[in-house]
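Below, chains carry the letters A, B, ... as their sequence lines are ordered, and counting in each starts from 1.
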Number of protein chains: 2
Amino acid sequence: MSDGATPSKPNRRHDLPRGEAVYRALRRAIIEQALRPGDKLPEDVIGERFGVSRTIVRGVLGRLHAEGLVELKLNRGATVARPSLEEACDIFEVRRSLERDVVRRLVGRVTPRQIALLEAHVAREGEARARGAAESIRLAGEFHILLAELSGNAVIARYINELVSRCSLILALYGRPHSPDCAVNEHLEIVAALRSGDAGKAIAVMEHHLDAVTERALLASARTPQRDIRAILDAYAP
Amino acid sequence: MSDGATPSKPNRRHDLPRGEAVYRALRRAIIEQALRPGDKLPEDVIGERFGVSRTIVRGVLGRLHAEGLVELKLNRGATVARPSLEEACDIFEVRRSLERDVVRRLVGRVTPRQIALLEAHVAREGEARARGAAESIRLAGEFHILLAELSGNAVIARYINELVSRCSLILALYGRPHSPDCAVNEHLEIVAALRSGDAGKAIAVMEHHLDAVTERALLASARTPQRDIRAILDAYAP
DNA sequence: AAGGCAGTAATTGTATACAATTATAGATCA
DNA sequence: TGATCTATAATTGTATACAATTACTGCCTT
């Protein structure tokens, strides 16, 4: 494989801890559902593809495991995580709590500059809708992450980031295929409510939105509870 | 150093992924404040002490970093984390949200078996109070962790675990030295309120307790805002 | 032909070796 | 004396080598 992976700059002082690029790439691939829940993540393959050693890959997989995006089984390697339906419910429940706090913190304190940021993001969501589902899914999630970051509480931001990312997995497992979990207009409503300064309304709008998101994400769960063969055969056997 | 570290069983199939013991030991040492915020954590020293290679230690430190207990600086190694005052406030704010949810979930649904578990734990807290501060601090935190686990939401449990652990760091930095952050009788009140089945009261008791915890943890923050030399010299310079 | 079993290949877990960076100590010079 | 620079030591970042476990293929047995 020689040097195909790092051609441009032979040995420029790497500003980032070597594995950062691998981390971001894997994370994005998972969130955009290019890597689907259950997919195997062999250390050799990933390492060769990015031109790093297994040491680095292993660190990245551990980090993704800590964030709940990857499962690690002893001596059996890493796979993209497959959250159970129960975990999915837990995740949405915590999201509701924390995102309520986000709105509560932002309302009345949000600056015009921040509103502009949010509106710009929603605009990008609108543009991306034509370009494909993968990017839409990612941007929809990033709206909630941006909101959490603007709230000014770093702990909430980190947790929301984790939870929203894992919602991509849930959507891939239990939702309608290739549909983003958030509607652009619902995001616009949230921004509008924040700007209005009406705390009660803003919270209500956010909760309504999260109800809708939950609904969409768990929609197909009645049809395909798991990727379970027995459940599928039930429809064909007498 | 030969074989002093792993004497009893030469090569028995290690049930646990090699680093688990190191992780637990370091975690406990940090939580019990044997390792204090800012203390250096050299890979060599830790590895030799536990009879594992730096590879393992590095993985453990990364994991502790993901949990917010350890800081990693590029090329400068790991230190026990020193949460800023702002981070401390963020942490307590999220704790309030999540622990309110815990109580809300438990109240009315808690079984006698679970009540017994909680009471047994509080009893151990009482016994430990005589034995020393370190164990008391840990047990006080573990009461909240147990509560979160009993709530049945695994995500909440994981986050509470993280947040409560980090509170040990906050207490070490800004609180009165060597004092546990929770009073045993306050924990008893929480259990009593849960058993009563009165949701409003249970939530109120928990919030009151968390207020008190926050108060105690951030008490000394006026006296020693940081381990900052300038602030100390202010009292002596004209 | 189906199932089980051995031997081999592939993959992961851990340790060590090497490279790069940072910290330390000693020497030099003003 | 004090500061700066340099050489050396200590520590971290990364890659590779080896050991252990798991997966697979083909053969053998019934």
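Here D/dA20 presents its P atom at 12 Å from CG of A/Asn75, a figure rounded to the nearest Å. Look at CD on A/Glu43: it is 16 Å from P on D/dT14, rounded to the nearest Å. Nucleotide C/dT16 holds its P atom 12 Å from the CG atom of B/Asp44, rounded to whole Å. One interatomic measurement links the two molecules: NZ of A/Lys40 to P of D/dA23, which rounds to 9 Å at whole-angstrom precision. When the P atom of D/dT11 is taken as reference, atom CG of B/Leu72 falls 17 Å away, rounded to whole Å.
At D/dG13, none of the side-chain N or O atoms of B/Lys73 fall inside 4.0 Å of OP1 or OP2 (strictly under the cut-off). For B/Arg76, a side-chain nitrogen or oxygen approaches OP1 or OP2 of C/dA23 to under 4.0 Å.
The stretch residues 54-68 of chain A touches DNA chain C through A/Arg54, A/Arg58, each having a heavy atom under 4.0 angstrom from the strand.
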Less than 3.5 Å apart, which donor and acceptor atoms pair up between the side chains of residues 142-150 of chain A and the rest of the protein, not counting sequence neighbours?
residue	atom	partner	partner atom	Å
A/Glu142	OE2	A/Arg138	NH1	3.3
A/His144	ND1	A/Arg95	NH2	3.3
A/His144	ND1	A/Glu99	OE1	2.9
A/His144	ND1	A/Glu99	OE2	3.2
A/His144	NE2	A/His187	NE2	3.3
A/His144	NE2	A/His209	NE2	3.1

Atom pairs and distances, side-chain donor-acceptor, residues 61-81 of chain B, under 3.5 Å, sequence neighbours left out:
residue	atom	partner	partner atom	Å
B/Arg63	NH1	B/Glu20	OE1	3.2
B/His65	ND1	B/Val70	O	3.0
B/Glu67	OE1	B/Tyr23	OH	3.0
B/Glu67	OE2	B/Tyr23	OH	2.8
B/Glu71	OE2	B/Arg82	N	3.0

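Applying the side-chain contact (heavy atoms from CB on, under 4.5 Å) test between B/Asp101 and each of B/Asn153, B/Leu106, B/Ile156 identifies B/Ile156 as the sole match.
Taking the salt bridge (charged side-chain N to carboxylate O under 4.0 Å, His left out) definition, one finds that B/Arg124 meets it with nothing, sequence neighbours left out. Not counting sequence neighbours, the partners of A/Glu86 by the side chain to side chain contact (heavy atoms under 4.5 Å, CB included) test are A/Ser84. Qualifying salt bridge (charged side-chain N to carboxylate O under 4.0 Å, His left out) partners for A/Arg131, counting only residues two or more places apart in sequence or in other chains: A/Glu135.
Taking the side chain of A/Arg18 as heavy atoms from C-beta on, and the options D/dT14, C/dA15, D/dT12, the nearest nucleotide is D/dT14.
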